[in-house]
Number of protein chains: 4
Amino acid sequence: MKTTPPPTRARRKADRPGELLEAALDTFVAKGFSAARMEDIAARAGVSKGTIYLYYPSKEAIFEALVRRDIIPRVEAAEAMLAASGAAPELQLRHLLEFMGKATADPRVAAVPKLVLAEAGNFPEMARFYRREVVGRGLALIEGILRRGMESGAFRPLDTRATARLFVAPIILSALWQTSFAPIEDAPEPPGPMLALHLDLFLGALRAEGASR
Amino acid sequence: MKTTPPPTRARRKADRPGELLEAALDTFVAKGFSAARMEDIAARAGVSKGTIYLYYPSKEAIFEALVRRDIIPRVEAAEAMLAASGAAPELQLRHLLEFMGKATADPRVAAVPKLVLAEAGNFPEMARFYRREVVGRGLALIEGILRRGMESGAFRPLDTRATARLFVAPIILSALWQTSFAPIEDAPEPPGPMLALHLDLFLGALRAEGASR
Amino acid sequence: MKTTPPPTRARRKADRPGELLEAALDTFVAKGFSAARMEDIAARAGVSKGTIYLYYPSKEAIFEALVRRDIIPRVEAAEAMLAASGAAPELQLRHLLEFMGKATADPRVAAVPKLVLAEAGNFPEMARFYRREVVGRGLALIEGILRRGMESGAFRPLDTRATARLFVAPIILSALWQTSFAPIEDAPEPPGPMLALHLDLFLGALRAEGASR
Amino acid sequence: MKTTPPPTRARRKADRPGELLEAALDTFVAKGFSAARMEDIAARAGVSKGTIYLYYPSKEAIFEALVRRDIIPRVEAAEAMLAASGAAPELQLRHLLEFMGKATADPRVAAVPKLVLAEAGNFPEMARFYRREVVGRGLALIEGILRRGMESGAFRPLDTRATARLFVAPIILSALWQTSFAPIEDAPEPPGPMLALHLDLFLGALRAEGASR
DNA sequence: CATGAATGAGTTTTCATTCAT
DNA sequence: TATGAATGAAAACTCATTCAT
């Protein structure tokens, strides 16, 4: 049954960064960024405070590494998925929403935007990084789909920037809700139905008048 | 020109709580909740640190008082406005969005949801209070309009809870964006166009098939 | 008997900076600059750590204040003394050495150059400040006397810069010795005789050949 | 060109202690004792942190070994040089100053007194060791020369202890200056001219009245 | 009522030293 | 021998809160 090799020194070293990131994410989720103490993170990872600094030079660096490991690859996956797909724009939006919905269903992913929004004021560098690498690329992706849809006549001609933001709004809000209110809620609502409804209404509203379904 | 009476001691005293709230809000907007120092708030209010504690027992209490003074009355105003109005549900939604859009255009109002979000983990009591008194009542209001619209046949029959959330999502997101990303943005986008577009798309999607405008 | 008024709040506040400087100097003398903990200084002054920061923003600032309070006025006093004096250059050197000898007899003054020399590498700003405000002005003073003596024919013509440094070397060394070795010495030597001898030898060597005593 | 044999494991091993001392000295010169990190020393020596502890039990031990290797032999060399020399005392002082001047021209030697000074408070054992083995022996050497000169009638009869200290003062000061102020100086002054002048003035002052040059 | 000096717990970060490999 | 990952004791500095005046 014991499939994991004994944690030799070398093995642990290789795993440390990942373990620390896990611990940090859990701690950030539980307490928020500022309130998460390096000591908490260390304790959760089962190491001492000093050890963290062997791998990451600061708390902000941990957060950035977290975004790089957990969020950006998802953005890239979405980019790749859509680049490879010859699907119709409408279908692409469906896929994208499904993809984002699944991703944000993981509380550890959903927590990230909250952390950024909450701490943007205190850590502008962090905000800038996220704005550029995640928000920027995500919005560009959606605007691309919208533009193609409009050019092909499938979608009504609209302001792509505003429309792209409208597309993501419920997804983001659902993520924020999940990490902020759900924990204090008596009967937290699953985000699925809302997102499904969003897709229906949004696509319906987007479709060009004469276009067939 | 000088219409405000000279701030005599007596006058000032009467307004102290309000002045402190003003100062606190400005400070929270500028720095966020945790990073706002009591001394900053005191300085902005033109009093000493100790004075704050004569009126509010803690930083959290200030925040709660702020929500009570600045946000809840707006919710109540919206409730009253809609209760008194015999307008059609669609028009009511228009009014409501216009009302919320205007409110959140003020950075001092828009900052509040961000503050709640940011500190929900650290101050669950604060989050619970906001969830109940602002979010809960706000959503109830919208669900009421939706329900009436559906009952009258003006709107398609839909899950009112989910639909209400979809209605507010872009408004909330716009408020958060404004306080988190706009300050670091080169050319921050005004929220107006997005909200106008939202209304169009959303109402279009909501309208029952055969219903006339 | 009780001549000092009761230490009212106001009185203490006025005295705090000075008290802190006293405590800091004692601590620096005992442990050196880097090894002196803010907490040590606070404890010696009978206040808490935080209180120090109400008066000085950093450890370096304390040191600078110390130099400004205890050293620079002495430099200025020496400058004034010599500017006012119409004495012959030789006598002026005598006075100056006597003045510096007396000053460095106080271990709390003698400690300062040691602190600067010792920590110059770690705190270059501190070194620069001392170099400019104390060493620079001091050397300029001596060079001035030497120059006048040479111009009047009382002193042999020599490189004033080098000569000025030779004049201070034993004084400085005596100060350093006092704070570094004297504490570990069995029978520390008083600096007086060496300085007296220095004056004799130095002035003798300086005097122009034909000049009368 | 490559005259040093390739650093085979065996060869390197034999030299480890010496290599470590080199690295430590360079690091102490660059950063001072406290600020020198064991890791810096290790890196400069091309070994790992742990290795240092195989040869020296602590940072202080390294410093002591350094003094033993680099300073004490110089003291001994001076002792031997003068013991073997039948030169006149005046010439011996010339030789000694030249010797010390050359030694302290090397920043790696000049740094040592500063290090001792800086850390005398924190490491009294170190100070005691240096006081005894370097300062004590050095002063004894000079006093010996002076005594012989006075006995032979070449020098005026003076307090040998004080005179010996006066002899070294400019040399020590020049060493300290070099490591403390020269790095922050715009145009650092070379110590040569001052030391040459010192010799002239000092010997001139020392010479007995009637003694021929 | 108002002040603001004082407090001291709390947080990040550094680094000499240890020890399993 | 040699390594370098891990430790944990410091230490500077911050700030909500208290309380003597």
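Values below: every heavy atom of this structure, side chains too, minus hydrogens, waters and symmetry copies. Naming convention: chains lettered A, B, ... in sequence-line order (proteins, then strands); numbering from 1 in each chain.
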Please state whether the phosphate of F/dT1, meaning OP1 or OP2, lies under 4.0 angstrom from any side-chain nitrogen or oxygen of D/R16.
no
When rounded to the nearest 0.5 angstrom, what distance separates CE in C/M38 from OG1 in C/T27?
10.5 Å
A/I184 and B/A127: which non-hydrogen atoms are nearest, and at how many Å?
CD1-C, 3.6 Å
Expressed as a whole number of angstroms, how long is the span from A/Y53:OH to F/dA9:P?
16 Å
Gap between atoms CD1 and C1', on B/I62 and F/dC15 respectively (whole Å):
14 Å
Closest to the side chain of C/S48, out of F/dT17, E/dG8, F/dG8, is E/dG8
D/M38 CE to E/dC15 P: how many Å, rounded?
13 Å
With distance as the sole test, does B/K59 use its side chain to make a donor-acceptor pair with the main-chain N or O of B/S34 at under 3.5 Å?
yes
Over 60° means perpendicular and under 30° means parallel, so classify the ring planes of C/F28 and C/F33, tilted if in between.
tilted
Assign each of C/A36 and B/K49 the nucleotide of DNA chain F bearing its closest heavy atom; nearer the 5' end lies the nucleotide of C/A36
Upstream residue (5' side of DNA chain F) when D/T51 and B/K59 are each assigned their closest nucleotide
D/T51
Rounding to a whole Å, what distance do you find between C/I52:CD1 and E/dG8:C1'?
13 Å
Across all strands, who's sitting opposite E/dT13 as a Watson-Crick or G-U wobble pair, both distances under 3.5 Å?
F/dA10
Between F/dT3, F/dA12, E/dT3, which nucleotide gets closest to the side-chain atoms of C/R37?
F/dA12
F/dA16 C1' sits how many Å from B/D40 CG, rounded?
12 Å
note: C/K31, atom NZ; F/dA10, atom P; distance rounded to Å ~ 11 Å
For the student: nearest non-hydrogen atoms of C/L20 and C/I41, plus distance
O-CG2, 4.1 Å
Mate of F/dT3 where both pairing distances stay under 3.5 Å, Watson-Crick or G-U:
E/dA20
Between D/F33 and A/F33, who's closer to the 5' end of DNA chain E by nearest nucleotide?
A/F33
Using OP1 and OP2 only, check whether a side-chain N or O of D/Y55 sits under 4.0 Å from F/dA2.
yes
Taking atom P of F/dA2 as reference, at what distance in whole Å does atom OH of D/Y56 sit?
13 Å
How many Å lie between CD on C/E39 and C1' on E/dA9, as a whole number?
11 Å
Check every atom of E/dT14, F/dT1, F/dT17 against the side chain of D/L54 and return the nucleotide holding the closest atom.
F/dT1
